[in-house]
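Order of listing sets the numbers, starting from 1, for every ligand and every atom in it. These numbers were taken from a predicted model, which means no experiment stands behind them. The figures here come from the full heavy-atom set of this structure, side chains too, leaving out hydrogens, waters and symmetry mates.
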Amino acid sequence: MKKECRAAVIAGNWKMNCGPAAAAKLIEELKPLAEDADCGVIICVPFVDLQTAIEATKGSNIHVGAQNCHWAESGAFTAEISAGMLKELGVEYVILGHSERRQYFGETDVTVNQRLRAALNAGLKPILCVGEVLEQREQGVTEEIVRMQTKIALQGVTAEEMKQIIIAYEPVWAIGTGKTATADQADEVCGQIRKVLAQLYGESCAEATTIQYGGSMKPANAKELLGKVHVDGGLIGGAALKAADFAAIIHAAQ
Ligand code: PEP
């Protein structure tokens, strides 16, 4: 399958930014700028903004995602949110395994797998994040790390379920730092992830899966990154908080 046949998807990760009022304003700014998008558009907003985002995006081409979910359906997990709760609210996507969750909140490949399976069971579409830290890149083990993260996160996931999953390659050293992986570096690792998918699920599944790059993507570098054969979209942090910048990246994906 050619790159052109895969779904290009630009997703914004708002992280812990914008309360409901600011979220409503940002979405109103974004809607007209994104309405002619030739790619999938997702905004992954804080839990408290989900209801606002779902209401504000109704009838538009913007899809709404959360930034995490718990693996249990319910129970004694103070402050956590289950996949079923998100689904009931009308949420469509959920980011899982983001490096900030791994780095600051003890997320492991095993818990990412548990969350991912819970998300699929609830009918959510996961955006699975994988990526190496700077030390691992310098040690020359990027491929091994990303292979391992991908394989563990996908334990127990079927080829049919893979149709619901987007993978985001996010080198940790490039997130929020202003340092972007070169387009060739991004393409190389996205290609390695596709190779893992081919081994696990076969060529056609690997070729059909959307693999995004994330890490300081902005209007100035989006076109080059998104032009690479294995880079099917972007997971955007900082630049997703400015409607004009996010829209420029969306248009670079066309
Ligand atoms: C992210 O948070 O997933 C991300 C890629 O952030 P930034 O674009 O700010 O590097």
Check whether the side chains of R194 and Q199 place a donor and an acceptor atom closer than 3.5 Å, and report yes or no.
-> no
Does S60 offer a backbone N or O that forms a donor-acceptor pair with the side chain of T57 under 3.5 Å?
-> no
Is there a donor in the side chain of D38 and an acceptor in the side chain of H251, or the other way round, less than 3.5 Å apart?
-> no
Would you please write out the protein residues whose heavy atoms approach any atom of ligand 1 to under 4.0 angstrom, listed by chain and number?
-> N13, K15, H98, E170, A174, I175, G176, G214, G215, S216, L235, I236, G237, G238
Between F77 and H70, how do the two ring planes meet: parallel, tilted or perpendicular, split at 30° and 60°?
-> tilted
Can you see which heavy atom on C129 is nearest to which on E170, and at what distance?
-> SG-OE1, 4.0 Å
Can a salt bridge be assigned to the pair K31 and E35 using a cut-off of 4.0 Å between side-chain N and carboxylate O?
-> no
